[in-house]
Amino acid sequence: MNLFVGNLPFTTSDHDLRGLFEPFGQVDSARVITDRETGRSRGFGFVEMPDDAGRAAIEELDGSDMGGRNIVVNEARPKR
DNA sequence: CATGAGCGC
């Protein structure tokens with residue numbers, strides 16, 4: 001399933017994201033979205049993983065603390 | 001190359 005991860009610290013990298021979700025299951029892909037013009041982080045990202053692992057990750061990570069901020073994790077919407 | 005609600009090229 002596709003997961004949307006928001007409210008991330010600007011210092012969070014795609015690898016950091018993967019490390020967060022790996023404990024819950026196979027991480028198909030994990031990436032933090034960066035601004036195409038400046039390259040700086042937009043503070044949110046996407047993670048793809050099995051359905052069961054995704055549901056577990058949402059319950060454990062949504063609202064959890066990361067870098068001093070409470071991150072948001074929920075199912076992502078279809079790409080625009 | 002800036003910044004803080006929002007959904008990726």
Chemist: Judged by each residue's nearest nucleotide on DNA chain B, which is more toward the 5′ side, A:Arg69 or A:Phe4?
Modeler: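 Counting from the 5' end, the first nearest nucleotide belongs to A:Arg69.
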Chemist: Tell me what A:Asp35 touches on the nucleic acid: a base, only sugar-phosphate, or nothing, going by heavy atoms under 4.0 Å.
Modeler: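 Here A:Asp35 touches no strand at all.
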Chemist: A:Leu17 CG to B:dG8 P: how many Å, rounded?
Modeler: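 Rounding to the nearest Å, CG of A:Leu17 and P of B:dG8 are 15 Å apart.
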Chemist: Got a second to check how far A:Ser64's OG is from A:Leu20's CG, nearest 0.5 Å?
Modeler: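 Here the rounded value is 7.0 Å.
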Chemist: By a strict heavy-atom criterion of less than 4.0 Å, which residues belonging to residues 36-57 of chain A are in contact with DNA chain B?
Modeler: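 Heavy-atom contacts with DNA chain B come from A:Glu37, A:Thr38, A:Arg40, A:Arg42, A:Gly43, A:Phe44, A:Phe46, A:Glu48.
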Chemist: Nearest whole angstrom, please: distance from the P of B:dT3 to the CG of A:Asn7.
Modeler: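 Rounded to whole Å, this separation is 17 Å.
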Chemist: Ignoring hydrogens and angles, answer whether the base of B:dG8 and the side-chain atoms of A:Asn2 contain a donor-acceptor pair closer than 3.5 Å.
Modeler: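 By the distance-only test, yes, there is a pair.
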Chemist: Donor-acceptor pair, distance only, cut-off 3.5 Å: does the side chain of A:Asp14 make one with the backbone of A:Arg31?
Modeler: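 Here the side-chain-to-backbone pair does not exist.
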Chemist: Measure the CG-CG distance between A:Asp65 and A:Asn7 for me, rounded to the nearest 0.5 Å.
Modeler: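 That separation rounds to 10.0 Å.
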Chemist: For A:Leu8, answer base if it contacts any base atom (sugar-phosphate contacts may also be present), sugar-phosphate if it contacts only those atoms, and nothing otherwise; contact means non-hydrogen atoms under 4.0 Å.
Modeler: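 Base contact.
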Chemist: Taking atom CZ of A:Arg42 and atom OG1 of A:Thr12, what is their separation to the nearest 0.5 Å?
Modeler: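 One gets 15.5 Å once the value is rounded to the nearest 0.5 Å.
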Chemist: Quickly work out the A:Phe10 CZ to B:dG6 P distance and round it to whole Å.
Modeler: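 After rounding, the gap between these two atoms is 14 Å.
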Chemist: Between B:dC7, B:dG8, B:dG6, which one does the side chain of A:Asn74 approach most closely?
Modeler: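 Nearest to the side chain of A:Asn74 among the choices is B:dC7.
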Chemist: Output the rounded distance in Å from CG (A:Asn70) to P (B:dA5).
Modeler: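 Whole-Å distance recorded here is 14 Å.
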Chemist: Across the strands shown, which category fits A:Asp14 at heavy-atom distances under 4.0 angstrom: base, sugar-phosphate, nothing?
Modeler: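 No contact.
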Chemist: Return all side-chain donor-acceptor pairs below 3.5 angstrom for residues 43-51 of chain A, not counting sequence neighbours, or 'none' if the list is empty.
Modeler:
residue	atom	partner	partner atom	Å
A:Glu48	OE2	A:Ser29	OG	3.0
A:Asp51	OD2	A:Arg55	NE	3.0
A:Asp51	OD2	A:Arg55	NH2	2.5

Chemist: Report the residues that fulfil ring pair (Phe, Tyr, Trp, His ring centres under 6.0 Å) with A:Phe24, sequence neighbours left out, ordered by chain and then residue number.
Modeler: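 In terms of ring pair (Phe, Tyr, Trp, His ring centres under 6.0 Å), with neighbours along the sequence ignored, A:Phe24 is linked to no residue.
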